[in-house]
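Working notes for the structure below.
For clarity, every value in this text was computed on a predicted model and none was experimentally measured.
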Amino acid sequence: STKIITTPNFIYSIRSNSKTLIMLTLLSAATLTISSVMALTLYYPIAAVARVAPSEIEFRLENETQLQDIKRMVEKYSPNADDIIFTQTDIYKVTSSSDDLPAEYSPVASKNGSNNEDILREAGFECISYSQYIDLLNAQGNEKLSKTLAPLNDDESILIKYQPDSTKNSEKGKQYCLNLKGIEKTVVVKDVSLDNVISFANSIGTLVVSDNLYHEIGQNQLPFSTVVSLNGSSIENNEALYQAISEYMNRSPYLQGYSHRIHDLLYLNSSTFLLIGFLVILFFIAVGSILYFNNISAVTDSKSDYEILEKIGYTKSHIKKILRNQILTFFSIPFLLGLLDCIFATIVYKSGLMQNLLGSSFIQYVPGVIAILLTFAIYAIYYLLTVQACYKVVLKQ
């Protein structure tokens with residue numbers, strides 16, 4: 001049979017090319033890992049912008065004159081735009097006397113991505129109403145999510161997390177006692193969510209409460225800040241408008257913008273992406289070329305063996321099958337071993353070196369999977385080219 005004749009030669013080829021296979025495995029692992037990590041490095045920060053700055057433009061309102069001036073700027077830089085939604089949200093700072101409060105409650109400093117200014121915070125929940133939460137979700141294009149939410153009772157709340165805990169929904173069901181100027185109101189955390197509608201520059205410890213409780217909080221003269229959110233397709237990627245507002249507000253760290261953050265990410269990291277892309281292409285060429293010439297060299301050396309097979313009655317289709325199987329083995333061993341290393345390295349990179357703002361859903365790994373599939377496709381092209389070249393060497397066709 002074919003196996004009796006080809007197996008000894010195959011074992012000999014594996015042994016004689018073991019060092020080459022080890023080198024190819026290392027190169028394949030590097031190629032797969034770099035391409036997967038590059039895909040994650042590009043995708044993850046952009047996907048995380050939806051949490052860091054969920055609205056197209058958002059700023060902290062200081063006075064009514066400021067709002068009118070910004071509306072005139074919008075009209076100037078986005079004429080004939082009737083789809084822009086202005087949403088004004090009063091965020092009340094409410095303290096709690098409960099034990100075991102979430103990490104978002106404690107004072108933290110937030111780093112603004114544009115100018116690295118510290119945004120100092122005081123301890124407390126930053127409360128918004130359920131209606132405001134739904135309105136902002138709809139304005140930001142999350143109608144599908146808003147339709148799945150049920151109205152809150154007066155003793156219920158939704159806690160917006162900065163990043164997920166290691167224990168999923170560890171805060172769900174907890175009770176927090178809110179201090180309203182001598183009056184205490186206890187709310188139960190009905191749900192824990194990562195779907196924030198206010199940027200982290202303006203609110204981290206966000207607590208969504210019922211409209212009735214929110215109205216009661218507002219009557220107790222608690223500290224509050226007013227945030228205005230602008231959304232609409234006509235102001236997407238309108239960098240001129242954002243820069244005009246930024247200059248007007250003296251580059252306030254409380255000014256945030258979705259498209260602006262993405263623009264900054266691509267601009268600041270373009271050289272890094274270019275360098276990583278160049279390395280990936282270089283590794284592709286190196287691995288493919290070594291595999292191509294190594295297989296041609298091996299087939300050329302054993303050309304007489306194939307001639308003997310042809311003389312004893314093997315058809316060209318049988319010989320082609322033997323060639324394909326031999327070449328496939330030399331391609332698959334480095335790829336599969338390199339793939340195992342790539343999967344391990346990508347999980348470590350994602351878990352240990354990237355800030356977790358998006359949870360652990362599989363969709364976050366989709367860019368890495370796409371990069372691996374693209375690498376597989378390039379390997380397949382090299383494999384087909386190598387097979388055709390070996391056919392010409394052995395069968396002269």
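Under a cutoff of 6.0 Å and an axis angle of 45°, K93 and F125 do not form a cation-pi pair.
Residue V280 is grouped with residue L339 when hydrophobic side chains (ILVMFWY) are merged at heavy-atom distances under 4.5 angstrom, including chains of intermediate members. Put simply, L279 and F284 are part of two different groups of oily side chains (I, L, V, M, F, W, Y) that touch within less than 4.5 Å, one to the next. Residues V94 and Y130 are members of separate hydrophobic clusters, defined by side-chain heavy-atom contacts under 4.5 angstrom among Ile, Leu, Val, Met, Phe, Trp and Tyr. Hydrophobic clustering keeps L194 apart from L149 (ILVMFWY residues linked when any side-chain heavy atoms are closer than 4.5 Å, directly or through intermediates). I333 and I22 are not part of a single hydrophobic cluster, where members link through side-chain heavy atoms under 4.5 Å apart.
The side-chain heavy atoms of I319 and T315, taken from C-beta on, include no pair separated by under 4.5 Å. At least one side-chain heavy atom of L207 sits less than 4.5 Å from a side-chain heavy atom of V187. In this structure, the side chains of C390 and I296 come closer than 4.5 Å at one or more pairs of heavy atoms. By the 4.5 Å heavy-atom criterion applied to side chains, Y391 and R324 are counted as neighbours. Q66 is listed as a side-chain neighbour of N63, based on a closest heavy-atom distance under 4.5 Å. Using a 4.5 Å cut-off on side-chain heavy atoms (C-beta onward), Y133 and I160 make contact. Looking at heavy atoms from C-beta onward, L159 lies in side-chain contact with P102 at the 4.5 angstrom threshold. In this structure, S55 and Q256 have side chains that are not in contact, with every pair of non-hydrogen atoms separated by 4.5 Å or more.
Residues N202 and E58 bring a donor and an acceptor atom of their side chains to less than 3.5 Å of each other. Under 3.5 Å, the side chains of D83 and S233 contain a donor-acceptor pair of N or O atoms. Remark: the S259 side chain and the E56 side chain contain an N/O donor-acceptor pair separated by less than 3.5 Å. D195 and S193 share a donor-acceptor pair across their side chains, judged by distance under 3.5 Å alone. If you check the side chains of E247 and Q243, you find no donor sitting under 3.5 Å from an acceptor.
Of the inter-residue distances, the one linking D99 atom CG with Q175 atom CD reads 12.5 Å to the nearest 0.5 angstrom. Here I57 contributes atom CD1 and M73 contributes atom CE; the two are 10.5 Å apart, rounded to the nearest 0.5 Å. Between atom OG1 of residue T375 and atom CD1 of residue I34 there is a gap of 10.5 Å, rounded to the nearest 0.5 Å. Here the straight-line distance linking atom OG of S229 with atom OH of Y258 works out to 15.0 Å at 0.5 Å rounding. Taking CZ of F200 as the start and CD of Q163 as the end, the distance is 8.5 Å to the nearest 0.5 Å. One finds the CG atom of L136 at 7.5 Å from the CG atom of N231 (value rounded to the nearest 0.5 Å).
With hydrogens and angles ignored, the 3.5 Å screen pairs no side-chain donor or acceptor of S289 with any backbone N or O of A286. A donor-acceptor contact shorter than 3.5 Å links the side chain of T148 to the backbone of L145. Here the side chain of N325 pairs a donor or acceptor atom with the backbone of K321 at under 3.5 angstrom. Counting only distance, with no hydrogens or angles, the side chain of D341 and the backbone of L337 share no donor-acceptor pair below 3.5 Å. Although no hydrogens or angles enter the test, the distance criterion places no donor-acceptor pair under 3.5 Å between the side chain of T33 and the main chain of A30. A donor-acceptor pair is defined here as one N or O able to donate and one able to accept, closer than 3.5 Å; such a pair exists between the side chain of R51 and the backbone of Y162.
No close placement of the Y254 and F59 rings is indicated, their centers lying 6.0 Å or farther apart. When ring centroids are compared, Y382 and Y292 stay outside the 6.0 Å threshold.
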- May I have the step-by-step check of side chain to side chain donor-acceptor pair (under 3.5 Å) for D154 and S210, ending in yes or no? CA-CA 5 Å; D154 291 347; S210 69; 3.0 Å; yes

- Message: Test side chain to side chain donor-acceptor pair (under 3.5 Å) on T206 and N196; report intermediate values, then the result.
- Response: CA-CA 8 Å; T206 309; N196 57 297; over 6 Å; no

- Determine, step by step, whether I91 and F224 satisfy the side chain to side chain contact (heavy atoms under 4.5 Å, CB included) criterion, reporting the C-alpha distance in whole Å, the side-chain angles of both residues, the deciding distance to 0.1 Å, and the verdict. CA-CA 5 Å; I91 305 174; F224 74 96; 6.0 Å; no

- Taking it one step at a time, do D100 and K174 satisfy side chain to side chain contact (heavy atoms under 4.5 Å, CB included)? CA-CA 9 Å; D100 194 21; K174 285 189 175 181; 2.6 Å; yes

- Query: Would N238 and S78 count as a side chain to side chain contact (heavy atoms under 4.5 Å, CB included) if you check the C-alpha gap in whole Å, the side-chain angles of each, and the deciding distance to 0.1 Å?
  - Reply: CA-CA 8 Å; N238 195 332; S78 299; 2.9 Å; yes

- Give the C-alpha distance, both sets of side-chain angles, the deciding distance and a yes or no for side chain to side chain donor-acceptor pair (under 3.5 Å) between D90 and T226. CA-CA 4 Å; D90 291 335; T226 301; 2.8 Å; yes

- Query: Yes or no on side chain to side chain contact (heavy atoms under 4.5 Å, CB included) for Y105 and T95, after CA distance, side-chain angles and deciding distance?
  - Reply: CA-CA 9 Å; Y105 179 90; T95 59; 3.6 Å; yes

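In plain terms, the two heavy atoms of C177 and E184 that are nearest each other are SG-OE1, 3.3 Å. Residues S129 and D211 approach most closely at CB-OD1, 3.6 Å, considering heavy atoms. Heavy atoms only, all atoms of each residue included: Q326 and V299 are closest at NE2-CG2, 4.5 Å. Across N138 and E143, no two heavy atoms sit closer than the pair O-OE2, 3.3 Å. The shortest heavy-atom contact between C342 and S36 is SG-CB, 3.8 Å. When all heavy atoms of V209 and L152 are compared, the pair lying nearest together is C-CD1, 3.8 Å.
A perpendicular orientation is assigned to the rings of Y379 and F331, their planes being inclined by more than 60° (bins at 30° and 60°). Taking the six-membered ring where the residue is Trp, Y242 and H260 present parallel rings, their angle staying beneath 30° rather than reaching 60°.
A salt bridge links R72 with D69: at least one charged nitrogen is closer than 4.0 Å to a carboxylate oxygen.
More than 12 heavy-atom neighbours from other residues, nucleotides or ligands sit within 6.0 angstrom of NZ on K71.
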